[in-house]
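Below you'll find the structure, written out as structure tokens, and then a few comments.
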Amino acid sequence: MMVKLNLTVVCCVLLLLFLPGRASAIVGGTQVSLEDAFSRHLVGIINPATDGVCTGVLIAPDVALTAAHCFDASRTPSDFVVVFGRDLIPGRGGVALDVAAIRIPPAYDPEQNRSNSSFDLALVRLSGPAPLGYVPAAIASEPDHFIDGKANYIAAGYGVSTYQGNDPGVLRKLEVAPSKLLAKGKLIELHDLRAGPCSGDSGSPLFRVALSDGKARYAVIGIQSQAVQRAEGGKFNHKICEDIGLYTSLAPYRGWIEENILFRDAPQR
């Protein structure tokens with residue numbers, strides 16, 4: 001059932017939730033406007049009990065794709081709400097739906113993911129279809145997963161605008177030059193010492209933008225997993241947002257997404 005979000009509760013949640021590390025905002029980004037058509041694909045995923053917020057992207061009228069680690073503390077659907085709006089700040093019209101079910105790849109392991117970002121995807125089924133004006137985003141076709149030096153890319157999420165900042169809940173975007181992206185196995189790395197995902201952007205999409213009939217079309221090529229800095233031995237240092245934003249490439253997982261997108265409470269596949 002669609003409900004008006006308890007904005008007072010969400011205010012408290014948003015002020016507390018954005019701690020540095022995995023649950024990663026767009027540092028160096030700008031606020032999304034009504035002219036940014038991709039905003040109709042994006043949702044906020046909130047767990048008030050743990051002060052947790054992630055970003056998700058609609059891939060079906062009642063299914064959002066996000067990061068598995070958003071559910072490390074709980075996989076109980078009733079613990080979460082999915083929020084619609086460019087601004088989650090209290091008093092600005094947030095609308096929410098309950099979560100009916102959550103699906104995570106069987107191979108996902110929280111500790112292993114923290115070390116190397118693997119299988120960090122989740123499907124979230126909503127209690128009903130998204131409100132009017134929201135539509136599913138397309139998942140990029142196989143050729144579009146390759147980083148094209150002539151293409152445009154956009155990252156967007158509800159996170160903070162500075163490391164350890166306290167301004168979450170506003171949808172921001174970051175226009176990404178192809179030269180800053182590196183496809184590396186099952187990951188896409190965003191390299192930028194002045195910008196990138198941070199607290200609140202976990203599960204947010206990386207879009208490839210193409211023009212069709214004079215209109216911008218947005219296809220998802222990756223889902224944000226972690227914000228890290230390379231340390232000795234190639235290990236991850238999680239105490240920074242500007243350096244490397246890790247996105248789970250959807251190319252290796254497209255089959256799993258297509259097999260499970262119609263899930264209800266059926267056995268995991």
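All residue numbers refer to positions in the sequence shown, counting from 1.
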(request) Any chance you could lay out the salt bridge (Lys or Arg N to Asp or Glu O under 4.0 Å) test for Asp148 and Arg208, step after step, and finish with the verdict? (result) CA-CA 9 Å; Asp148 183 347; Arg208 185 183 191 273; 3.1 Å; yes
(message) Test side chain to side chain contact (heavy atoms under 4.5 Å, CB included) on Phe207 and Ile221; report intermediate values, then the result.
(response) CA-CA 6 Å; Phe207 291 110; Ile221 65 169; over 6 Å; no
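For Ile147 against Ile188, the heavy-atom pair with the smallest separation is CD1-CG2, 4.4 Å. Of all heavy-atom pairs spanning Ile45 and Phe80, the tightest one is CG2-CD2, 4.2 Å. Here the closest heavy-atom approach between residue Pro110 and residue Tyr108 is recorded as CA-OH, 3.7 Å. For Leu97 against Gly128, the heavy-atom pair with the smallest separation is CD1-O, 3.4 Å.
Using bins of under 30°, 30° to 60° and over 60° for the plane-to-plane angle, the ring pair Phe38/Tyr218 lands in the perpendicular bin.
No donor-acceptor distance shorter than 3.5 angstrom exists from the side chain of Asp192 to the backbone of Ile244, with no hydrogens or angles considered. Under a 3.5 Å cut-off, the side chain of Tyr253 and the backbone N or O of Phe119 do form a donor-acceptor pair. Counting only distance, with no hydrogens or angles, the side chain of Tyr134 and the backbone of Pro61 share no donor-acceptor pair below 3.5 Å. A side-chain donor-acceptor contact under 3.5 Å links Gln224 to the backbone of Gln226. Of the possible donor and acceptor atoms, one in the side chain of Arg254 sits under 3.5 Å from a partner among the backbone N and O of Ala140. Although no hydrogens or angles enter the test, the distance criterion places a donor-acceptor pair under 3.5 Å between the side chain of Ser33 and the main chain of Glu35. For His41 (side chain) and Val135 (main-chain N/O), a donor-acceptor pair under 3.5 Å exists by modelled atom type. A donor-acceptor contact shorter than 3.5 Å is absent between the side chain of Asp36 and the backbone of Val32.
A donor-acceptor pair shorter than 3.5 Å can be found between the side chains of Asp120 and Ser225.
Taking the side chain as every heavy atom from C-beta outward, Leu58 and Leu126 approach each other to under 4.5 Å. When side chains are defined from C-beta on, Thr55 does not count as touching Thr66, because their heavy atoms never get closer than 4.5 Å.
Seen from the ring of Phe263, Arg125 counts as a face-on cation partner, given the 6.0 Å and 45° thresholds.
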